[in-house]
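Notes to accompany the following structure.
Atom set for the values below is all heavy atoms of this structure, side chains included, hydrogens, waters and symmetry mates excluded.
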Amino acid sequence: MYKKGFSISIIVMLITIMSIPQKAASDADRWYLFEDAGPNQVHTVVRVPDTDDSYAFTDRGDLWFCNGDDCLRINIQKYPEFWFSPTNFHGYFDQEIDELGALTFDIDGICHFWVFHGDWMDLGETNPGPLRLEGSAWAWDPVRHRGVLFGGRFFGDYKVDQTWEWDGAGWYQVMPEHSPGPQSGGCMVYDATNHRMIMTAKKEGLIEFWSWDGTDWAFLSEPSGHVAWKDFKGFACNGSTGEMALFGGLGYFFLDTFHYWNGHEWSLLDIPGGPMPRAAANVYFDTTGLLTLTGGYIDLQDELGHWSTTSFSDKWTTDFTTWTQVRNQPMMACSYQGYAAAFDRTSGTGLLVTRLVDRVLTYQWNTDRWFQLFPDQSPLGIGDFMMVPQRHDQSYLIMGSLAGENFQWTFRDNTWNLNDPVTRPSYRELFPIAYHDNLQQTLLYGGREGMFHDPDQGFYYTISYDEMWGWDGTEWHLIDMPDPKPPKLFRHVMAYDWNRERLVIAGGKVGIDHVNVKDLEWNRNVWEWDGSEWFAIPVPEGEGPADYDLFDLFYHAGRGTMFQICQDGSTWEWDGISWTRISWSVGFDTLAQTASVAFYDSAEDRAVTQDNFFNRTYAFDDEPAGSPCKKTGVTLELSHSMVHPGDTFYCNAVICNQSAIDVHYCPLFVLLDVFGQYFFGPGWTTEYDNYLTTLPIIPGGFTEVEIIPAFQWPDNCGSAEGIRFIAAITDPLVRGIIGEYSIAEFGWSEGTPE
């Protein structure tokens, strides 16, 4: 009945969706925010006492509730206007009165108190109250139900030594007998064991600690190991053990120094692979004694010399011997020309690189979130870079420029290696690269040498290229292309269509030597290359993406089309004939200034984009609400597990084809696994390319296929426990599977039959 001899390896190859035609646009097509990726650009975290729950405030005004590592964004209508900087905003949570609050200072220096009960309420201006004090220390006393604020500065460097308390109705200034003196940039935490505040203060360049009991300040002596003062260090105190920790801060530079007080002495910890340098990190001990760090900020300068403050979105824990990364959104906000992303469908993971000042950071995309990688070395200083996955050797190739020279690196096994080929294209910029699956080469087309000024004519001009180069993993070679071929182009996009096996070029400026760059026209044609010749497909005005810079172009295998995200916030797809707009900024902010990156996540069958400006991750949802056909693939349905001999049993395969068009020559394949021995289904041959004749076409939408008709399990056959079916839609051309495969086990559900 069954024929033996097929390897299970073909089932676990997740090379997805190679032959699915175009799917028509739907009103349900939209981008949605990844809620489970966690809060982005966190500047303040408020912990719920005695639990690992917390509230996170972000630079965008979002409020998140986190239960351990799982976070959910709270939908609110009104946002407090507290987005001045992390040093000007404080939050608190009072568990007994179930109140979440925020302390802010407006542009006129007036102090505001906000309370959250399903939505934010402004309690109004409090007068008299402290003036706007940058760098003041703050903490909430959950026993006295008071907020304590100390120090800060206004009018530049004028520091104060004032102590203020908020009692829920108004401010009042306390006049203690003792005081730490004028301070700014310190931090304060509540010590639950000793029912007091502990605050860092500066004295002669060192950190000292003071406590506040609600009446007076008292100096806490340190037995040994004084720590140098840095503004806005992250500070945590474990009242039950006496441990304390200080992280980062701001001196001449942003720091990642990590000091630990074990109850007796200070030590400087050097733990590799941890958080990046930052100031004002949120640091606390969780209920297990681990130190948790999240948020904080850093000031960055972009390529144009503009400075901006960016808050971090990562989360880390440490046992003081190793760091563990919980969540890490890419740092992208200031690197307008230093970013790239790609997805490798062989490994089922994506990679993103972004330039941060003079170095390149590396992040991995895994299912629904980013994780920062820490290779031994990274490309330094390069910008304007592009990246592609090279599936023939499971590596990524990145190309960038520095000081008028192109550089290329490969990334594999968490290691960056600099390539130095003898033959290479001449220096150029604003060019795309794409990996050609059939040729197993990375291709480069066009680009410009640079922009030059003509003093006689008074304009700027470019020198552009109409060459295509191929990288075989060792050297670059110039590919001979007969006419017609694309013109000289730069600022265009290029990607490979897996299904139609064509290289696709769209957009870009048509380069004409020694012509004012302002007079250069946009390329309206789409050019496709089948491996031997080019085809120009005209696009009438108004029937395709507008003349904006185009962001990433990539193949969406779930829809069988090319996806194009544009600078005006629109999303288009190309089916080889025409453009169709399928989304317009639905669910996320217009991308007009974000320089986002995007790719197709074949492991989850969805498009993913990283919004550079607001540092958020979005996915594209193209299924109507309530649709039972959510992902391309197959699901096995069993009647039930058999309880007794003689029970009726059957098995069906439900196939989901998201395309509205039939898929040809990608048949259903089923294996029977009997205690590790694999067998073909009934009536199928052992020839891989011809193993099914009954269902050579997968119709669009739902198809239910009977794998085993209803039958009764014989009394004398014993238990079926350990026997299972494995089913998948397969693509014989690439010897892989399409979409999700399914495994279903059957056997006795309770005990062994008598």
Side-chain angles (χ1 to χ4, degrees), residues 44-50 54 86-97 99-103 111 113 129-130 133-153 159-168 170-203 207-222 227 229 231-247 249 259 261 263 280-285 291:
T44 299
V45 172
V46 176
R47 185 185 175 201
V48 179
D50 303 322
S54 61
T87 62
N88 292 331
F89 165 75
H90 304 286
Y92 70 90
F93 183 81
D94 194 316
Q95 192 170 26
E96 183 172 326
I97 60 176
E99 181 179 86
L100 178 67
L103 165 64
C111 181
F113 237 90
L133 301 172
E134 295 187 6
S136 55
W138 159 274
W140 182 263
D141 187 330
V143 176
R144 299 173 56 239
H145 307 296
R146 296 274 197 285
V148 180
L149 183 144
F150 181 85
R153 68 177 184 270
K159 300 177 183 178
V160 300
D161 62 350
Q162 300 173 356
T163 302
W164 291 81
E165 288 198 345
W166 165 265
D167 64 1
W171 286 99
Y172 59 91
Q173 187 176 358
V174 185
M175 300 297 181
E177 181 179 354
H178 304 92
S179 173
Q183 300 287 332
S184 174
C187 45
M188 191 188 308
V189 296
Y190 178 71
D191 180 355
T193 301
N194 299 295
H195 306 293
R196 62 183 181 179
M197 303 295 182
I198 300 179
M199 186 183 72
T200 63
K202 180 180 181 181
K203 184 178 182 180
I207 289 180
E208 59 183 19
F209 291 88
W210 288 72
S211 67
W212 172 257
D213 61 5
T215 303
D216 199 7
W217 287 100
F219 173 71
L220 300 178
S221 61
E222 302 174 24
V227 182
W229 172 269
D231 288 349
F232 308 121
K233 277 182 173 290
F235 177 37
C237 173
N238 189 337
S240 61
T241 63
E243 296 173 286
M244 291 190 289
L246 292 162
F247 184 90
H259 291 88
W261 172 262
N282 300 279
V283 188
Y284 57 89
F285 287 87
L291 185 73

Short question: side chain of [X], backbone of [Y] - any donor-acceptor pair under 3.5 Å?
X: Trp261; Y: Cys237; result: no
X: Thr163; Y: Val174; result: no
X: Gln183; Y: Lys202; result: yes
X: Thr193; Y: Ser240; result: yes
X: Asp216; Y: His178; result: yes

Starting at [atom1] of [X], measure out to [atom2] of [Y] and round the result to the nearest 0.5 Å.
X: Leu149; Y: Trp138; atom1: CG; atom2: CH2; value: 6.5 Å
X: Arg153; Y: Asp231; atom1: CZ; atom2: CG; value: 7.0 Å
X: Leu100; Y: Asp94; atom1: CG; atom2: CG; value: 10.5 Å
X: Trp210; Y: Trp217; atom1: CH2; atom2: CH2; value: 9.0 Å
X: Leu103; Y: Trp140; atom1: CG; atom2: CH2; value: 10.5 Å
X: Trp164; Y: Ser136; atom1: CH2; atom2: OG; value: 12.0 Å

By side chain to side chain donor-acceptor pair (under 3.5 Å), which residues pair with [X], not counting sequence neighbours?
X: Arg47; value: none
X: Glu165; value: Arg144, Tyr172, Trp212
X: Asp141; value: none
X: Gln95; value: none

(request) Grab the two heavy atoms, one from Thr44 and one from Gly91, that are nearest each other, plus how far apart they are. (result)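 Smallest interatomic distance, heavy atoms only, reads CG2-N, 4.1 Å.
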(message) My understanding is that only one of Tyr284, Phe247, Phe209 makes a ring pair (Phe, Tyr, Trp, His ring centres under 6.0 Å) with Phe235; could you say which?
(response) Phe209
Do [X] and [Y] come close enough that some side-chain heavy atom pair is under 4.5 Å?
X: Ile198; Y: Met188; answer: no
X: Asp161; Y: Phe150; answer: yes
X: Glu208; Y: Trp229; answer: no
X: Cys187; Y: Thr200; answer: yes
X: Gln173; Y: Pro130; answer: no
X: Lys233; Y: Ile207; answer: yes

(message) Once salt bridge (charged side-chain N to carboxylate O under 4.0 Å, His left out) is applied, what residue pairs with a partner in residues 172-189 remain, sequence neighbours excluded?
(response)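 Of all non-adjacent pairs touching residues 172-189, none passes salt bridge (charged side-chain N to carboxylate O under 4.0 Å, His left out).
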(request) Any chance you could lay out the ring-ring contact (aromatic ring centres under 6.0 Å, His included) test for Tyr92 and Tyr190, step after step, and finish with the verdict? (result) CA-CA 11 Å; Tyr92 70 90; Tyr190 178 71; over 10 Å; no
(request) Kindly write out the residues that satisfy salt bridge (Lys or Arg N to Asp or Glu O under 4.0 Å) with Asp191, not counting sequence neighbours, or none if the list is empty. (result)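 Arg196.
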(message) Between Glu99 and Phe93, does the side-chain contact (heavy atoms from CB on, under 4.5 Å) criterion hold? Intermediate values first, please.
(response) CA-CA 6 Å; Glu99 181 179 86; Phe93 183 81; over 6 Å; no
